Amino acid sequence: MVRPGTAARVGAVVSVPSVLDLLGVAVFAVSGALVAVRSQLDVFGVTVLAGVTAIGGGVVRDVLLGITPPTTLRQWPYLIVPAVVGLVVWRFHPAVARLRRAMLIADALGLALFATTGTAVALAAGAPAVTAVLVGVTTGVGGGVLRDVLLREVPLVLRREVYAVAASLGAVIVVAGDSLGLPTTPVLVLAALSVAVVRILALWRRWNIPLTRS
Amino acid sequence: MVRPGTAARVGAVVSVPSVLDLLGVAVFAVSGALVAVRSQLDVFGVTVLAGVTAIGGGVVRDVLLGITPPTTLRQWPYLIVPAVVGLVVWRFHPAVARLRRAMLIADALGLALFATTGTAVALAAGAPAVTAVLVGVTTGVGGGVLRDVLLREVPLVLRREVYAVAASLGAVIVVAGDSLGLPTTPVLVLAALSVAVVRILALWRRWNIPLTRS
Amino acid sequence: MVRPGTAARVGAVVSVPSVLDLLGVAVFAVSGALVAVRSQLDVFGVTVLAGVTAIGGGVVRDVLLGITPPTTLRQWPYLIVPAVVGLVVWRFHPAVARLRRAMLIADALGLALFATTGTAVALAAGAPAVTAVLVGVTTGVGGGVLRDVLLREVPLVLRREVYAVAASLGAVIVVAGDSLGLPTTPVLVLAALSVAVVRILALWRRWNIPLTRS
């Protein structure tokens, strides 16, 4: 299912945003660790949940694309960053929890980075457009879904806020740029910015999708 | 792990029941959307849950068989049908919810189609008999399990009704027909009818497996 | 991603501990079945949960490594053992439940066997050290996580006891032995014993990781 030269192309796409990617990992790790602290987990559970939230989306992405073992299970930084974040949050969580607004903004940036790079990795692996969009959105929201399922909450992405819609927007921009033959890096940056802006505006202006009629 | 020519054989097996397959997708999408409406999800959550319930079993099937990216993530109809169903159910759900009996019968047909075609796809991918049965049953029940886990319910298949037993019957019929060299299409139809009849009889006559002794 | 000759090497590694491996399957099946009985599932649900708990970790391991269809879905003993265990536990569960202490010790042995053989299978499939450790720990704890998620409990591994730490110790010993070129079987036995001893000592002396500060 994977075109020749996939590994090299995947590598090129992944290496470009690698610093931002690790920033996304760190941000999602903070989110997972804070939720774990609130659920009364111990330091080990907090660290595990930080890691699952941070790299879960990437693992699901690679399993769906047949990239095994998943990239995020093969590189030390993807593991060390969540571990350090988990320990720091566990130790200082009253201070960290007070940074809720900063964390939501950072979370929006993480969603933006993961949804767009996830789409790019899928395209580089030879996936068609529709697959790339779905895989990109899954990469963006996957870690949070695993976090919520493990802690017995209905996943945030299924609830009220404009979350997966923002991720879908970014994925569609990446696919459109690819099919128009535009250069990759500016398209990725534009897509990520779009996701982040929509998500942050939704938080700021309390945008909601219309609720179920009761 | 996959025999030469697998892609062609999988294609042949999958194309035969493709209309019925999409009917199964639609029916499972209705089931997922109705449960989401009852759980107070918004229109986006309802649509997502319709999609997860409808194509979840097929995605798990393909990941287990190493068919990546999964077939159901590569074809537009598999995505458009659940999206439309989700929107329609969300808009008209009081009327749809009143069709509960029709929905349970349709759900039985969906289980029947997915369990039998799932088994056939596994055989076509070169899986041995035991694997094909397990993969077929997983395809039939997988979407419902994901739906229930995301909404924090104990999966229906683990609870009282004759559900996975009916799916297993259909999978065994497909494997037996394959090992006897019988023609594929009649065997698939017979297997699907068997699942549907057993499941509908179980609903109608309230068949149950003996409960845990209390 | 997989080196030439992987299948043969995986086969060699897996065959060595196959009796102990099936003992681990049986022990985890007992654990899953007992939890299912307590959750009022019927005989079918008890058997399914016994199977999911017993082979879930191995299925996740093989999906992460790209070994498809997963080994545990291809061999009858991996299915017959949990089925028989599920039926026996369902029939005699008051007696089995009284054996709680024996079961916890057996569970420690199962964790020990699965974490170490999981690591060895990952190394044989060509995974780098960090991947092998993660895959090994996942193999050890995976079945229990699936069991708890399906029954709507926060996974035991995220809660207080020294569980995944013991599994990590065993995985690190296997990787260290491999990188030092030591013979496989004695290293596996030493690693498994280390996991079991740490886990049983933790149960016996009520070792806990420091709780979240409240």
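Reminder, nothing fancy here: chain letters follow the sequence lines and each chain counts from 1. Please read all numbers here as calculations on a predicted model, not as lab measurements.
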- Message: Quick check against the 3.5 Å criterion: does C/Thr131 have a side-chain atom that pairs as donor or acceptor with the backbone of A/Leu73?
- Response: yes
- Query: Do you know which two heavy atoms are closest between C/Val46 and C/Gly86, and how far apart they sit?
  - Reply: CG1-O, 3.7 Å
- CZ/C/Arg38 to NE2/C/His93 distance, rounded to the nearest 0.5 angstrom? 10.5 Å
- Message: Can you tell me which portion of C/Val133 sits under 4.5 Å from chain A's heavy atoms? Options are side chain, backbone, both or neither.
- Response: neither
- Message: What part of A/Leu79 gets within 4.5 angstrom of chain C, counting heavy atoms only: side chain, backbone, both, or neither?
- Response: side chain
- Where on C/Leu64 is there a heavy atom nearer than 4.5 Å to chain A: the side chain, the backbone, both, or neither? both
- Message: If I measure from the heavy atoms of chain A, does C/Val149 come under 4.5 Å with its side chain, its backbone, both, or neither?
- Response: side chain
- Item | Heavy-atom donor-acceptor pair, A/Arg199 side chain to A/Ala112 backbone, under 3.5 Å | no
